[in-house]
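Take a look at the structure set out below.
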There are 2 protein chains.
Amino acid sequence: MARQNTVFKEAYNRCLEDLGGKDSLPSEPELGEKYGISRTTVRAILSRMRDTGLITWDKRQKLVLRRPLDQDYFPDEETNSLNEIIEKSFMQRILTGDVEPGMQINEAELAREIGAGATSVREFLIRFSRFGLIEKRPNSHWILKGFTVDFALELCEVREMFELRSATAFAKLPVNHPAWADLDLIEDEHRDLIIDLDSRFKDFSPLDEKFHLLVHKASGNRFVIDFYDVIAFIFHYHFQWNKSQARSRNERALREHLDYIAALRSRDPQEIERACRRHLNSARETLIDALPR
Amino acid sequence: MARQNTVFKEAYNRCLEDLGGKDSLPSEPELGEKYGISRTTVRAILSRMRDTGLITWDKRQKLVLRRPLDQDYFPDEETNSLNEIIEKSFMQRILTGDVEPGMQINEAELAREIGAGATSVREFLIRFSRFGLIEKRPNSHWILKGFTVDFALELCEVREMFELRSATAFAKLPVNHPAWADLDLIEDEHRDLIIDLDSRFKDFSPLDEKFHLLVHKASGNRFVIDFYDVIAFIFHYHFQWNKSQARSRNERALREHLDYIAALRSRDPQEIERACRRHLNSARETLIDALPR
DNA sequence: TAACTGTATATTGCAGGTAAAAAACAAAAT
DNA sequence: ATTTTGTTTTTTACCTGCAATATACAGTTA
């Protein structure tokens, strides 16, 4: 096997989602733009849609013939890119304690177990190394440093430095800066979510990420913003793996966010520092509480 | 071609360096330990030394027959690992303005031009991306963000945050912590170097790196320490590429370091902050002055 | 003329293979 | 009993090749 066609399959599924209620499709470049894919892939999708009788396609004319059925979609697991597969598989090992801190990580073995090529696993590990959880011995194996309390503390220490600075910078943004409008929208989303948190608990993690990323972007510093990737990644898996107290934890975080947002609006540095610190402290606590000891 | 044997060649050369004045060599494991290589490579080295008449080798007995000659050494360019070659070649393009900010970087083209395989170049770019100079468009090319003033300012901003915190932590290290002894040694090296800086200008960059790394390590934070790699990398190339005013620049830095070291010894937080800030400010200035505008 | 389609070409993502280097294992020597 | 050597096995580093995808170019349509 060479490259897999997950880009095609995943975009095909998204196209099907949007197919209902339309009777024709726009031009190829427009579709490419919409789904973030090249015309080559657009044409592959259109070809398949024609072959499965979903549309007719003659040059500019692309007429919808019928609504897509469940069986028209590619199964979910076929739309995950190899990288996502490797990442999930690897994180599962780490978080379930399958691999203990200090242990060696073996590229060849990992590749065999995951069923991927050595190159892909290798590239994944190189990218992953920036999360501070693994370390390379040159010409030899990787070492798992582990998802430990130390790790969480070090992560949160840097986060605090970066986020305090970003929040301070946020307050200095000119009133007409689009970030303020984004903040309004995010605040509304918070208020909506807090009302029926029970049914929409899954929406918390992405909203949390959106809010903090907005704050970090105010730093205008690529290293600060890039580091937020690390935080988001860790918290993403933290939310996924540790569901205990999720409801109360999320509610508390949402309320702290609202307090934090109000502080940003006040533009008062001390008030901002207080609200930011309070939230980051409780985020750190929940992260550390969830770790094995 | 598969893997190259630069580990062997480079270690072989180091062995030759140490060969003079000895009449026998220690055990294989000991040699492996000393040069940071496996026994397999040690044995390859011993084999070659025997074949070229440098030693006799019978089990534990490894007797030196003659001093190594110039022609016994592998030429320098054969001891650079592929990664070093790619890195140098790539940095040359960036720093000579061969590639302008905003331009696309093409893995395949780069690989052809450097004469390396696509995988190696790809892995290099992934590792290199943490320096904040390039960015990946998934399924497509990389973008060069460029060695610009913005880049330097963002880098220095984070450096300041991290180093101030590290320096503060340094002052709190217990008196018997080995870092204080390391600091003594580094101070001595500074005083030695400042005396004949003209003839030993090449020694400045590694000493600078050693000093700042020692400070950063006091943070006890892997993200802070890892980030120092980025700084060291950038300054390394900065020193290499920009020789103008090198002499006065280095002398100033050395004196600032001595002042900074004295401040650390005083353990006075304000004094430390002053000395650290002063040095980081002048480091930032020299970095920015060197950039094209 | 500007946007679109048809087609050709280039690049990326990934697997497979191989020499270099590391690691593991067994036998021998202190 | 521990360390060293001889030998075998495994893994890493790297190149090549191929399908998926992106990009470039030429012809077509509004």
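Just so we're on the same page: letters track the sequence lines, and every chain starts at 1.
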Got a second to check how far B:I37's CD1 is from B:Y12's OH, nearest 0.5 Å?
12.5 Å
Between the main-chain N or O of B:V64 and the side-chain N or O of B:D23, is there a donor-acceptor pair closer than 3.5 Å?
no
If you measure only the distance, is there a donor-acceptor pair under 3.5 Å linking the side chains of A:R112 and A:N106?
no
Please determine whether a side-chain nitrogen or oxygen atom of B:Q4 lies at a distance below 4.0 Å from atom OP1 or OP2 of D:dC14.
yes
Is any side-chain nitrogen or oxygen of B:R43 closer than 4.0 Å to OP1 or OP2 of C:dA21?
no
Reckon B:S27 touches a base, only the sugar-phosphate, or nothing at all at heavy-atom distances under 4.0 Å?
sugar-phosphate
In terms of the nearest nucleotide of DNA chain C, which residue is placed more toward the 5' end: A:R127 or B:E109?
B:E109
B:W142 and B:E107 side chains, donor-acceptor separation under 3.5 Å:
yes
Can you label the angle between the B:F162 ring and the A:F162 ring as parallel, tilted or perpendicular, going by 30° and 60°?
parallel
Tell me, please, whether B:F235 has B:R159 positioned over its six-membered ring: NZ or CZ under 6.0 Å from the ring centre and within 45 degrees of its axis?
yes
Could you tell me whether the side chains of B:E87 and B:Y237 share a donor-acceptor contact shorter than 3.5 Å?
yes
Can you give one letter per nucleotide of nucleotides 22-30 of chain D, 5' to 3': B if a protein heavy atom sits under 4.0 Å from the base, S if only from the sugar-phosphate, - if neither?
BBB---BB-
Check every strand shown and say whether B:A116 touches a base, only sugar-phosphate, or nothing at a heavy-atom separation below 4.0 Å.
sugar-phosphate
Quick one: does any side-chain atom of B:K202 pair with a main-chain N or O of B:P206 as donor and acceptor, under 3.5 Å?
no
Using heavy atoms and a sub-4.0 Å distance, could you list which residues of residues 47-55 of chain A are near DNA chain C? By number, please.
none
If you check every side-chain atom of A:R122, which of C:dG6, C:dT18, D:dT12 has the closest atom?
D:dT12
Pairwise 5' ranking along DNA chain C for A:L82 and B:A2, keeping only the more 5' one
A:L82
Pick the nucleotide of DNA chain D nearest each of B:P29 and A:K136; which residue has the one closer to the 5' end?
B:P29
